[in-house]
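For reference, the structure discussed in these notes is given below.
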Amino acid sequence: MLYLKAVRCYNEEKLIRKGKFFMKISDYATGLQHLGIPTKDMAETLLFYSELGFEIAHATKNEATGQAVNFLKLGNLVIEAYESDDAAMCCGGIEHVAIDVTDIEAVYDIICKRDLNTLNDEIHFLPFWENGVKFFTIEGPNKEKVEFSQYL
């Protein structure tokens, strides 16, 4: 814990010296929004997670590909199961972790100012849920994808 505080203080000092005074992402993040799991067999995925007690909270299709997307909910845990021919089908197959944010533009600005937009992604819109969702994705040091997402 002390090591993490030292790293954070060092990084904040480095950014301040570069003239990049910043807000913290934690000022906008409210917690885990969902885990993204690609699947080659949506019916099997829905059956499996329903056996675990998950219910379909939102079902839609990816307009670009026509493939099914289902948000499965159990308590406060949400899994985004989506059809993909590229599903890993192995341990470690979770494709992304999405962090729920209250201001996607502010978080995007922070990420870019900190040179963390490793995928050079932009803010996207999808017509999911009642009013849509805006999101963008970065890549972590272990090639994991971290999505920042705001329900509209």
Side-chain angles (χ1 to χ4, degrees), residues 1-16 18 20-39 42 45-46 48-49 52-65 67-84 86-88 90-152:
M1 186 71 150
L2 184 59
Y3 171 76
L4 291 176
K5 285 183 179 180
V7 168
R8 186 177 60 217
C9 289
Y10 170 77
N11 287 336
E12 288 175 2
E13 180 66 26
K14 190 166 65 172
L15 287 170
I16 290 169
K18 285 183 176 179
K20 294 183 178 180
F21 186 75
F22 57 92
M23 294 287 294
K24 296 180 292 193
I25 293 170
S26 59
D27 292 338
Y28 302 101
T30 62
L32 177 67
Q33 188 180 87
H34 67 266
L35 300 173
I37 301 177
T39 179
M42 184 61 77
T45 299
L46 293 176
F48 175 79
Y49 283 101
L52 298 179
F54 284 80
E55 296 180 355
I56 297 174
H58 183 74
T60 189
K61 288 199 178 284
N62 180 328
E63 291 180 353
T65 64
Q67 294 174 310
V69 179
N70 287 280
F71 289 86
L72 312 173
K73 188 170 185 177
L74 176 64
N76 64 354
L77 175 59
V78 177
I79 293 174
E80 175 191 14
Y82 57 96
E83 292 178 325
S84 173
D86 297 328
C90 65
C91 184
I94 294 175
E95 195 266 341
H96 68 271
V97 174
I99 298 171
D100 190 43
V101 299
T102 58
D103 187 336
I104 195 72
E105 286 83 9
V107 172
Y108 184 79
D109 187 51
I110 292 167
I111 291 293
C112 289
K113 284 180 179 174
R114 291 187 180 185
D115 296 324
L116 295 174
N117 192 353
T118 51
L119 299 174
N120 296 313
D121 202 9
E122 297 177 355
I123 297 174
H124 307 275
F125 171 82
L126 285 173
F128 293 176
W129 303 100
E130 187 174 330
N131 298 311
V133 62
K134 286 186 176 182
F135 69 97
F136 69 93
T137 305
I138 64 173
E139 187 176 75
N142 305 298
K143 302 297 181 196
E144 70 275 16
K145 290 186 181 173
V146 180
E147 176 182 301
F148 296 89
S149 185
Q150 179 184 1
Y151 293 122
L152 303 176

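Note that the coordinates shown come from a computational prediction; the quantities given were computed from them, not determined experimentally. Any value given below was found using the heavy atoms of this structure, including those in side chains, with hydrogens, waters and symmetry copies removed.
Taking CD of E122 as the start and CG of N117 as the end, the distance is 9.0 Å to the nearest 0.5 Å. Considering CD of E95 and CG of D86, their distance stands at 9.5 Å, rounded to 0.5 Å. The CG atom of L52 lies 10.5 Å from the CG atom of L77; values are rounded to the nearest 0.5 Å. The structure places OH of Y82 at 10.0 Å from CG of N62, a figure rounded to the nearest 0.5 Å. In this structure, OG in S149 is found 11.0 Å from CG in L32, a value given to the nearest 0.5 Å. In this structure, NE2 on H34 lies 11.5 Å from NE2 on H58, to the nearest 0.5 angstrom.
Side-chain N or O atoms of Q150 include one that pairs as donor or acceptor with a backbone N or O of T102 at under 3.5 Å.
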Name every donor-acceptor pair, under 3.5 Å, that has one atom in a side chain of residues 128-141 and the other anywhere in the protein, sequence neighbours excluded.
unit_1, atom_1, unit_2, atom_2, d
N131, ND2, L152, O, 3.4
K134, NZ, E105, OE2, 3.2

Check residues 67-74 and write down every donor-acceptor pair under 3.5 Å in which the side-chain atom is one partner and the other belongs to a residue at least two apart or another chain.
unit_1, atom_1, unit_2, atom_2, d
Q67, OE1, T65, OG1, 3.3

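Put simply, the residue from D27, L116, D103, I25 that forms a side-chain contact (heavy atoms from CB on, under 4.5 Å) with I110 is I25.
For H124, the side chain to side chain donor-acceptor pair (under 3.5 Å) partners two or more places apart in sequence, or in a different chain, are D121.
Side-chain contact check for H96 versus E80: some heavy-atom pair is nearer than 4.5 Å.
Across all their heavy atoms, A88 and G93 have their closest contact at CB-CA, 4.2 Å.
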